[in-house]
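The model shown is predicted, which means the values in this text are computed figures rather than measured ones. Numbers here are sequence positions counted from 1.
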Amino acid sequence: MNEILKLLRIAYGYKPKEVAVKLGISPSMLSQIESGLKKPTSELLEKYGKVFKIRVSTLMFFDEERKEKDLKYQDLLLMMLKQICEKKKG
């Protein structure tokens, strides 16, 4: 999940500190989550959903797809961006 959350932040053009403030956590905690040292709680995933206007189930889908298909970073980013762009059109 850490890669998904980091890529989501990057895709939206946010700096780590901006996202940390929006989530109500420290930049240090965000760094630990994005690097995989800590796992986000379900409550924190809900906050991610609100910040990025994305369902937690969609975050889970991205994570499952990454694991199932052994997606590389850039393939994962492309898949996520495509989904985000389609959602914004609709």
Side-chain angles (χ1 to χ4, degrees):
M1 181 62 73
N2 61 309
E3 292 173 336
I4 304 299
L5 300 177
K6 183 175 183 176
L7 287 174
L8 193 58
R9 176 181 59 76
I10 291 168
Y12 275 81
Y14 286 122
K15 295 182 185 208
K17 187 173 182 179
E18 293 172 304
V19 172
V21 168
K22 289 178 182 289
L23 295 173
I25 61 174
S26 69
S28 171
M29 174 66 111
L30 180 67
S31 176
Q32 290 175 0
I33 290 169
E34 288 188 351
S35 65
L37 296 174
K38 291 203 175 192
K39 291 186 178 190
T41 63
S42 57
E43 182 181 305
L44 189 58
L45 288 177
E46 289 290 335
K47 288 181 182 181
Y48 266 97
K50 288 178 184 171
V51 168
F52 294 106
K53 297 177 179 71
I54 191 168
R55 292 184 185 127
V56 173
S57 61
T58 303
L59 294 173
M60 302 300 242
F61 168 78
F62 288 145
D63 193 44
E64 286 302 314
E65 284 289 291
R66 181 194 60 79
K67 290 175 188 171
E68 215 173 271
K69 296 180 180 176
D70 194 29
L71 294 173
K72 304 290 181 246
Y73 219 60
Q74 95 190 84
D75 294 328
L76 181 60
L77 179 58
L78 288 172
M79 181 183 77
M80 289 175 66
L81 287 173
K82 183 178 176 185
Q83 285 274 69
I84 290 166
C85 289
E86 286 175 4
K87 188 174 182 179
K88 285 185 177 182
K89 286 180 186 177

> If a pair satisfies salt bridge (charged side-chain N to carboxylate O under 4.0 Å, His left out) and one of its residues is in residues 16-34, list it, with sequence neighbours excluded.
Arg9-Glu34

> If I take atom NZ from residue Lys53 and atom OG1 from residue Thr58, how far apart are they, to the nearest 0.5 angstrom?
14.5 Å

> Under the side-chain contact (heavy atoms from CB on, under 4.5 Å) rule, collect the residues that match up with Thr41, sequence neighbours excluded.
Glu43, Leu44

> With Val21, which residues qualify under side-chain contact (heavy atoms from CB on, under 4.5 Å), at least two apart?
none

> Looking at Tyr12 and Phe52, what are the two nearest heavy atoms and their distance?
OH-O, 3.2 Å

> ring-ring contact (aromatic ring centres under 6.0 Å, His included) with Phe61: which residues, sequence neighbours excluded?
none

> Can you tell if the side chain of Leu5 reaches within under 4.5 Å of the side chain of Val19, non-hydrogen atoms only?
no

> Would you say Leu23 and Tyr48 make side-chain contact, with heavy atoms under 4.5 Å?
yes

> If I take atom CG from residue Asn2 and atom CG from residue Leu37, how far apart are they, to the nearest 0.5 angstrom?
8.5 Å

> Please list, chain by chain and in numerical order, all residues satisfying side-chain contact (heavy atoms from CB on, under 4.5 Å) with Ser28, sequence neighbours excluded.
Ser26, Gln32

> Hey, could you give me the CD1/CG distance between Ile4 and Leu45, rounded to the nearest 0.5 Å?
11.0 Å

> If you round to the nearest 0.5 Å, how far is CE of Met1 from NZ of Lys39?
10.0 Å

> Drop me the distance from Ile33's CD1 to Ile25's CD1, to the nearest 0.5 angstrom.
4.0 Å

